[in-house]
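All ligand and atom numbering here is 1-based and tracks the order in the structure.
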Amino acid sequence: MSFHTISVIGLGYIGLPTAAVFASREIKVVGVDINAHAVETINRGEIHIVEPELDKVVHEAVQRGFLRATTQVEAADAFLIAVPTPFIGDHQPDLSYVQAAASSIAPVLKAGDLVILESTSPVGTTEQLAAWLAAARPDLRFPQHGEAPDIAIAYCPERVLPGKVMVELIENDRVIGGMTPACSARASELYRIFLRGECVETHARTAEMCKLTENSFRDVNIAFANELSLICAEQGINVWELIALANRHPRVNILQPGPGVGGHCIAVDPWFIVAQNPQQARLIRTAREVNDAKPLWVLDQVKQALAECLTASGKRASEVSIACFGLAFKPNIDDLRESPAMTVAELIADWHSGATWVVEPHINTIPNRLAGKATLVTTTEALQQADILVMLVDHTPFRAIDAAQVTQAWIVDTKGVWR
Ligand SMILES: NC(=O)C1=CN([C@@H]2O[C@H](COP(=O)(O)OP(=O)(O)OC[C@H]3O[C@@H](n4cnc5c(N)ncnc54)[C@H](O)[C@@H]3O)[C@@H](O)[C@H]2O)C=CC1
Ligand SMILES: CC(=O)N[C@@H]1[C@@H](OP(=O)(O)OP(=O)(O)OC[C@H]2O[C@@H](n3ccc(=O)[nH]c3=O)[C@H](O)[C@@H]2O)O[C@H](C(=O)O)[C@@H](O)[C@@H]1O
């Protein structure tokens, strides 16, 4: 049975591109979000998030009448849930957004509908979703009730890279985790409307674990690189040269150290595995601890640089200016959410008695967390006037800075730009 109308629940960095791509295939898409501003923006054919190429796809889809946003759930043939799944307290998963989304779609479900959870979730969440829906709609049969359910349910995680979403959404292989093989087949039928990558079918629990595995793999490998950076600092070895040399081995691919790990995925998702498997997930937990400790190590490096600067210059600490290059959570984006660079800049500003400056090409005003503590300056001002430079995010414009302009004697470089 084909899909005449699709409803995407949650119109953020994942839901909106997904809704737009389905609509671009001339499927009627109703996007649902509790954020009225987002809904109004989208219905004007505009976007409220930053993602290359997304604005024109949304604009055309709205203008042609295939994409409409609303705050109220409506009946559809398929529902894709792309709401947040943060952690709370001691890194425990918060499924309240998923539960709220389930409660909102339950009343409009009808036999033959497909429900897909896309949000990154702990293993077992899809079964929990099915239980919530079944409790709300005892008149319908769900996959957990055995053969011939009225409702098909699957877990189909997203693995797009911000900044490349409009390409990867279509080109990446997609893990399709049905609660039953028939559910997987139904979900694959939906994604094949736009997917050029392969639909790889498995069980929902395996699909949930796969998403967490992908991001935990990356976090562990970043932690290895960060640990190397601490060791090399002690040993007086250039970690960037070391990694480049080691990576010449045909089977070695060490990632890059940084000031920590940011974003609301790599720094979050591994904790879902740790929370469910506290005894076994020792390496995954330790990697999170190594990465989360990096900002404090960077602050110590800055403290050492200031001590050397005071000894050599005779200045008082209050006379020394420290310039932080970069605040975003990774290069060439404007997203400051969960950014270790922001954490480092705030640690410096809270500790240093002199001026703390920040250079961030993707923003025009100082973020609230730094308001009154740090000053937004240009690259030129920082290079010409700062005593100490702290490289935190290797935005392309920073890598393009002429080495001759970098004359400071005290540099803390967490990205190997001025190695
Ligand atoms: N951002 C990314 O690059 C990726 C995110 N993911 C996962 O996708 C999920 C969504 O992430 P993002 O899109 O980045 O989050 P987001 O925060 O950008 O968007 C979520 C949207 O859901 C809305 N929302 C919350 N509760 C709702 C409800 N009950 N009904 C309707 N709308 C509701 C919010 O207002 C927000 O607009 C998360 O689980 C995340 O881990 C997975 C891969 C990549
Ligand atoms: C396995 C994988 O590559 N997952 C991707 C990841 O995307 P994300 O936007 O979080 O970017 P990222 O490049 O992993 O960076 C995360 C953090 O790690 C840091 N980072 C990254 C690579 C590296 O060598 N060193 C390093 O320090 C970045 O600076 C950033 O602070 O997480 C996304 C997600 O799940 O949201 C996922 O869809 C993406 O495919």
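Look at Arg68 and Glu74 and you find a salt bridge, because one of the NZ, NE, NH1 or NH2 atoms lies within 4.0 Å of a carboxylate O, short of that distance. The existence of a salt bridge linking Glu53 and Lys56 is confirmed by a sub-4.0 Å separation between a basic side-chain nitrogen and an acidic carboxylate oxygen.
Note: Phe272 and Phe87 fail the aromatic proximity criterion, with ring centroids not under 6.0 Å apart.
In terms of the salt bridge (charged side-chain N to carboxylate O under 4.0 Å, His left out) criterion, residue partners of Lys110 (sequence neighbours excluded) are, by chain and number, Asp77, Asp113. Residues that satisfy the salt bridge (charged side-chain N to carboxylate O under 4.0 Å, His left out) test with Glu40, not counting sequence neighbours, are absent from this structure.
No donor-acceptor distance shorter than 3.5 angstrom exists from the side chain of Arg174 to the backbone of Arg192, with no hydrogens or angles considered. Using modelled atom types, one side-chain atom of Lys294 and one backbone atom of Gly258 make a donor-acceptor pair closer than 3.5 Å. Judged by distance alone, the side chain of Ser24 and the main-chain N or O of Val21 form a donor-acceptor pair under 3.5 Å.
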Report all N/O contacts between ligand 1 and the protein shorter than 3.5 Å as a table of atom names and distances to 0.1 Å; if there are none, say 'none'.
residue	atom	partner	partner atom	Å
ligand 1	13 (O)	Tyr13	N	3.2
ligand 1	13 (O)	Ile14	N	3.0
ligand 1	14 (O)	His264	NE2	3.2
ligand 1	18 (O)	Tyr13	N	3.1
ligand 1	35 (O)	Asp33	OD1	2.7
ligand 1	37 (O)	Asp33	OD1	3.4
ligand 1	37 (O)	Asp33	OD2	2.7
ligand 1	39 (O)	Thr85	OG1	2.7
ligand 1	39 (O)	Thr120	N	3.0
ligand 1	41 (O)	Thr120	OG1	3.3

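Side-chain contact check for Val358 versus Ile363: every heavy-atom pair is 4.5 Å or farther apart.
Annotation: ligand 2 has protein neighbours Arg159, Val160, Leu161, Pro162, Lys211, Glu214, Asn215, Arg218, Ile222, Leu255, Gln256, Gly260, Val261, Gly262, Cys265, Ile266, Phe329, Lys330, each with a heavy atom less than 4.0 angstrom from the ligand.
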